[in-house]
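Take a look at the structure below.
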Amino acid sequence: MAAGRDGVIHLLRQLQRASCRCPAHSHTYSQAPATARTTDYAFEMAVSSIRYGENVTQEIGMDLQNWGTRNVCVMTDRNLSELSPVKAVLNSLVKNGINFKLYDSVRVEPTDKSFMDAIEFAKKGQFDAFVAVGGGSVIDTCKAANLYSSSPDSDFLDYVNPPIGKGKAVTVPLKPLIAVPTTSGTGSETTGIAIFDYEELKAKTGIASRAIKPTLGLIDPAHTLSMPERVVANSGFDVLCHSLESYTALPYNMRSPCPTNPINRPAYQGSNPISDVWAKHALRIVAKFLKRAVRNPDDREARFAMHLASSFAGVGFGNAGVHLCHGMSYPIAGHVKTYRAKDYKVDHPLVPHGLSVVLTSPAVFSFTGLMCPERHLEAAEILGADLRTAKIKDAGLILADTLRKFLYDLNVDDGLAAVGYTAEDIPALVKGTLPQQGKVQIKAANVLFVVGTSNKAVSSSTF
């Protein structure tokens, strides 16, 4: 009997050793105390569904019908409301029996006031889906209208990025949103970002949340064929800087603080292996096709490629983020005096977003070169630099010089003076840069001081 009992005990002990040790099945499990982290250890990829194809806009009515929508808000601006992209959308809605209301008062380079006007329209309409037809201004405005009409009791600053707003996490369910981009620059159809001018501070800020990204982006390259030359160029500059900045951004595992809950992990997480792929691919397309797209409106291959590159770069920067070029672009656009960009039909002074971003790019990448020199050299080579005699310590200067030549070939406005600024404006531009969240703020101030009146004037001694 004793021998039999001992055998059973031995068998039970063997079974215990082999049994599941997870918390749900083990009485002996104890969790080791977690070690506090100061930097993040993970990144997350969030992107809208994308459908690409010439004339794919004609499918939008079927999509809304498939979703069972009954009352749709279509947003655009006054110029586009008379053009073929909007007509193609509305024709598809009518053909498929979709009820809709058109809001065509979106402001190019939106403000908090123009956002709130669109939000009020959306709240009154009680819509169950949204459609944005236009560039980044339209798509961003539509994102905001969707968010605040879905959270009608929220204060406007609740979801706005700190330090201007409270930066609350978006926890309310939003309505479906289809974005139909008509420019090749912002990539807003892929991102959870909505940018606007906060007029009280004369600074740009925005809302950043994966929750506000469009449900679907319809990338129809046919819409790019009527884009004027400077709109193509300035949109392309945005793609260029999205690619360069996201590829040279602080790596995700060096960003702090580490979120205590995944809902608090920011949309702009830092460079990461997946965003890197999209950023470099977009940069290669820019290098090959942007000049062709600007110079020849009939070059369908180039225009179609740039339209897709905009979305590629959007996937990259929408999850990695951008840095100094964009951080400093916001006051450059927001403090505009009398400058009116060629080929833009607007009733107010305007420095287009892509132009405001690219003006500082040579100075920026001269300044950031030592942080990740290999990446700066790789980007320079993609844009056409000969690296056979290059030195690693010169990485930033090499990329800066490569950018100057690239921009010169595209007749870019030369420096801040060309868009109406003088040395007396630098303090205000620096002040407008500081609200941009991130650890690049002091560096941004330094770079603004040395951008001066001409990109050509920046030299290695400046830094």
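None of the values given here were measured: they were computed from a predicted structure.
- Comment: R292 engages E301 in a salt bridge, judged by a side-chain N to carboxylate O separation of less than 4.0 angstrom.
- Put simply, the side chain of S92 gets close to the backbone of G61: a donor and an acceptor are under 3.5 Å apart.
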Do E109 and K204 pass the salt bridge (charged side-chain N to carboxylate O under 4.0 Å, His left out) test, and can you show the C-alpha distance, the side-chain angles, and the key distance before you say yes or no? CA-CA 10 Å; E109 300 297 333; K204 274 195 188 288; 3.0 Å; yes
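- Distance check: R303 CZ to D298 CG gives 8.5 Å after rounding to the nearest 0.5 Å.
- Put simply, the side chain of L283 reaches to within 4.5 Å of the side chain of L240, judged on heavy atoms.
- Using modelled atom types, no side-chain atom of S149 and backbone atom of A122 make a donor-acceptor pair closer than 3.5 Å.
- Taken from CZ in F312 to CD1 in I285, the straight-line distance is 5.0 Å, to the nearest 0.5 Å.
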message: Would T76 and D104 count as a side-chain hydrogen bond (donor to acceptor under 3.5 Å, both in side chains) here? Give the steps.
response: CA-CA 5 Å; T76 190; D104 63 357; over 6 Å; no
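- Put simply, the side chain of Y330 reaches to within 4.5 Å of the side chain of I195, judged on heavy atoms.
- Looking at K143 and S188, their side chains do bring a donor and an acceptor atom within 3.5 Å of each other.
- Using a 4.5 Å heavy-atom cutoff, the side chains of D40 and P259 are in contact.
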Any chance you could lay out the side-chain hydrogen bond (donor to acceptor under 3.5 Å, both in side chains) test for D117 and Y103, step after step, and finish with the verdict?
CA-CA 10 Å; D117 185 73; Y103 179 86; 2.4 Å; yes
Practice item. In sequence, state the C-alpha distance, the side-chain angles, and the governing distance for Q58 and K95, and then conclude on side chain to side chain contact (heavy atoms under 4.5 Å, CB included). Key: CA-CA 10 Å; Q58 66 190 359; K95 181 179 179 180; over 6 Å; no
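- Within the 4.5 Å cutoff, side-chain heavy atoms of T248 are placed close to those of F365.
- Judged by distance alone, the side chain of D276 and the main-chain N or O of Y247 form no donor-acceptor pair under 3.5 Å.
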message = Does T182 form a side chain to side chain contact (heavy atoms under 4.5 Å, CB included) with T224? I'd like the steps, not just the answer.
response = CA-CA 6 Å; T182 58; T224 69; over 6 Å; no
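- In this structure, a donor-acceptor pair under 3.5 Å is absent between the side chains of H223 and S84.
- With rounding to the nearest 0.5 angstrom, the CG atom of L250 is 12.5 Å from the CD atom of Q269.
- Within the 6.0 Å centre-distance limit, the rings of F127 and F121 are counted as a close aromatic pair.
- Side-chain contact of R78 with S105: a donor-acceptor pair under 3.5 Å is present, judged by distance alone.
- With sequence neighbours left out, the side chain to side chain contact (heavy atoms under 4.5 Å, CB included) criterion links K405 to D409.
- A centroid separation of less than 6.0 Å is found between the aromatic rings of Y159 and Y148.
- Here OG of S48 is found 9.5 Å from CD1 of I139. Values are rounded to the nearest 0.5 Å.
- Considering OG1 of T190 and CG of N319, their distance stands at 8.0 Å, rounded to 0.5 Å.
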Start with the C-alpha distance between T191 and F317, add both sets of side-chain angles, then the distance that settles side chain to side chain contact (heavy atoms under 4.5 Å, CB included), and finish with yes or no.
-> CA-CA 8 Å; T191 74; F317 92 86; 4.0 Å; yes
Quiz item: Can you list the steps and then say if D220 with R51 is a salt bridge (charged side-chain N to carboxylate O under 4.0 Å, His left out)?
Solution: CA-CA 8 Å; D220 188 340; R51 187 183 305 151; over 6 Å; no
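- A cation-pi arrangement is absent between R230 and F237, since the terminal nitrogen or guanidinium carbon is not both under 6.0 Å from the aromatic centre and inside a 45° cone about the axis.
- Around atom CZ of R70, no more than 12 heavy atoms belonging to other residues, nucleotides or ligands sit under 6.0 Å away.
- Between the CD1 atom in I332 and the SG atom in C325 there is a gap of 9.5 Å [rounded to 0.5 Å].
- Using a 4.5 Å cut-off on side-chain heavy atoms (C-beta onward), L355 and V357 make no contact.
- A donor-acceptor contact closer than 3.5 angstrom is absent between the side chains of D197 and H335.
- If you check the side chains of D238 and S235, you find no donor sitting under 3.5 Å from an acceptor.
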> Given the rule in the side chain to side chain contact (heavy atoms under 4.5 Å, CB included) test, do F115 and F156 qualify, once you have shown the distances and angles that lead to the verdict?
Replying inline: CA-CA 9 Å; F115 263 21; F156 180 71; 4.2 Å; yes
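- There is a side-chain donor-acceptor pair under 3.5 Å between S184 and H307.
- For NZ of K291, the number of neighbouring non-hydrogen atoms (other residues, nucleotides, ligands) closer than 6.0 Å is greater than 12.
- The backbone N or O of G321 lies less than 3.5 Å from no partner atom in the side chain of S246, so there is not a single donor-acceptor pair.
- Look at E229 and R295 and you find no salt bridge, because none of the NZ, NE, NH1 or NH2 atoms lies under 4.0 Å from a carboxylate O.
- Between E82 and K87, no side-chain nitrogen of the basic residue sits less than 4.0 Å from a carboxylate oxygen of the acidic one, so the salt-bridge criterion is not met.
- For K337, the NZ atom sits in a packed shell: over 12 heavy atoms of surrounding residues, nucleotides or ligands are nearer than 6.0 Å.
- A donor-acceptor contact shorter than 3.5 Å links the side chain of S209 to the backbone of A211.
- Using modelled atom types and a 3.5 Å distance limit, the side chains of H353 and T186 yield no donor-acceptor pair.
- Taking 4.0 Å as the cut-off between side-chain N and carboxylate O, K113 and E199 do not count as a salt-bridged pair.
- At a threshold of 4.5 Å between non-hydrogen side-chain atoms, the residues S275 and M45 count as touching.
- With respect to the salt-bridge test (charged N to carboxylate O, under 4.0 angstrom), the residues K280 and E378 qualify.
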Take Y344 and N79 through the side-chain hydrogen bond (donor to acceptor under 3.5 Å, both in side chains) test and state the conclusion after the steps.
CA-CA 10 Å; Y344 288 80; N79 291 327; over 6 Å; no
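- For the pair I274 and F43, the minimum side-chain heavy-atom distance is below 4.5 Å.
- Here the side chains of L410 and L290 are in contact, with some heavy-atom distance below 4.5 Å.
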